[in-house]
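Data block below; observations after.
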Amino acid sequence: MKTLKSTLVLGIAFVLIAAPGQLLAKKKIELKYKLHQNDKFVTKSNTNQNIEMENQGQTVNIQSIATQDVSTVVEKLAANSIATSTTINKITYSQSVFGRKITYDSSDPSTYASGPAKALGGKFNAMIGKSYQTMLDDLGHVISLDMRQITG
């Protein structure tokens with residue numbers, strides 16, 4: 001009987017403690033994009049990657065840093081969707097492996113004129129000035145992504 005009373009008192013105490021939090025809880029908010037056609041955004045993304053791996057008993061360290069400068073334009077707005085076009089304006093990339101450094105900068109042709117960065121330059125330069133289209137809902141979730149112009 002004493003255990004039942006203790007359990008009942010603890011249960012009531014728990015309800016009394018939890019109830020005010022529920023009563024005072026704020027309403028749920030929903031954040032949505034409020035964009036206008038032809039709005040333009042400029043973004044710079046940086047990726048810094050460090051890789052360490054074992055290869056035939058040797059430890060290999062690879063450090064790479066990649067940046068992309070892109071501009072995004074809102075092309076079309078509908079009730080629950082946003083169509084954007086993003087253009088790649090500039091790419092830089094540097095990698096260090098076995099003490100050897102590769103540097104590429106799409107705005108500096110001397111960085112990809114010869115050597116190991118020449119192969120990178122061929123691929124990256126083909127992406128400069130190209131655009132990809134994204135369809136988003138008004139909460140920012142990607143509905144579709146079309147990268148055919150970039151991947152050719």
Side-chain angles (χ1 to χ4, degrees), residues 11 14-152:
F14 178 74
V15 169
L16 291 174
I17 291 171
Q22 293 299 321
L23 294 174
L24 298 174
K26 304 263 180 182
K27 290 183 178 182
K28 179 180 173 184
I29 62 169
E30 188 171 74
L31 301 175
K32 292 185 175 186
Y33 282 112
K34 288 193 177 186
L35 301 172
H36 302 93
Q37 191 163 344
N38 297 321
D39 280 353
K40 184 176 181 178
F41 305 92
V42 177
T43 307
K44 181 175 188 161
S45 65
N46 296 306
T47 305
N48 189 343
Q49 186 176 38
N50 294 307
I51 301 170
E52 184 177 299
M53 63 183 166
E54 284 286 325
N55 188 10
Q56 297 180 353
Q58 283 190 314
T59 301
V60 179
N61 291 307
I62 303 171
Q63 291 86 33
S64 63
I65 298 172
T67 65
Q68 270 191 10
D69 294 0
V70 301
S71 54
T72 301
V73 175
V74 177
E75 291 193 330
K76 186 177 178 186
L77 297 169
N80 292 318
S81 66
I82 304 162
T84 66
S85 177
T86 302
T87 304
I88 299 172
N89 301 317
K90 180 180 176 182
I91 298 172
T92 63
Y93 181 80
S94 67
Q95 181 183 65
S96 177
V97 61
F98 292 124
R100 191 169 173 202
K101 189 166 185 170
I102 299 170
T103 302
Y104 164 84
D105 182 341
S106 62
S107 63
D108 182 0
S110 69
T111 63
Y112 55 85
S114 63
K118 189 173 185 174
L120 286 175
K123 296 295 183 186
F124 286 158
N125 288 340
M127 295 168 38
I128 302 299
K130 300 287 175 70
S131 300
Y132 58 90
Q133 284 62 46
T134 308
M135 182 70 70
L136 308 165
D137 67 12
D138 55 357
L139 297 173
H141 300 114
V142 177
I143 298 169
S144 66
L145 181 64
D146 181 357
M147 298 188 78
R148 286 179 284 183
Q149 188 182 30
I150 292 174
T151 58

In this structure, OG1 of T87 is separated from CG of D69 (nearest 0.5 Å) by 12.5 Å
So do T59 and E52 actually touch side chain to side chain, heavy atoms under 4.5 Å? yes
Working to the nearest 0.5 angstrom, can you tell me the gap between Y132 OH and L145 CG? 7.5 Å
Flag, side chain of Q149 to backbone of S131, donor-acceptor distance under 3.5 Å: yes
Are any side-chain N or O atoms of Q133 and backbone N or O atoms of S85, one a donor and one an acceptor, separated by less than 3.5 Å? no
Does a donor on one side chain sit under 3.5 Å from an acceptor on the other, for S71 and N89? yes
Under the side chain to side chain contact (heavy atoms under 4.5 Å, CB included) test against I82, which residue among L35, D39, D137, T134 passes? L35
In this structure, CE of M127 is separated from NZ of K90 (nearest 0.5 Å) by 15.0 Å
Between Y104 and Y93, does the ring centre distance come in under 6.0 Å? no
Inter-residue atom distance K76.NZ - T84.OG1, 0.5 Å rounding: 13.5 Å
Within-4.5 Å side-chain heavy-atom neighbours: Q95 and P116: no
With the side chain counted from C-beta on, respond yes when N50 and N61 share a heavy-atom pair under 4.5 Å apart, and no when they do not. no
Where Q37 and L77 come nearest, the two heavy atoms and their spacing: N-CD1, 3.5 Å
Return yes when atom CZ of F41 has more than 12 non-hydrogen atoms of other residues, nucleotides or ligands closer than 6.0 Å, and no otherwise. yes
In Å and rounded to the nearest 0.5 Å, what is the CG to CD1 distance from N48 to I65? 4.5 Å
Separation between CD1 of I102 and OG1 of T111, rounded to the nearest 0.5 Å: 11.5 Å
With a 4.5 Å heavy-atom cut-off, do T67 and K44 have their side chains touching? yes
Check this for me: E54, atom CD, are more than 12 non-hydrogen atoms of other residues, nucleotides or ligands nearer than 6.0 Å? yes
Could you pull out the closest heavy-atom pair between T72 and T86, with the gap in Å? OG1-OG1, 3.0 Å
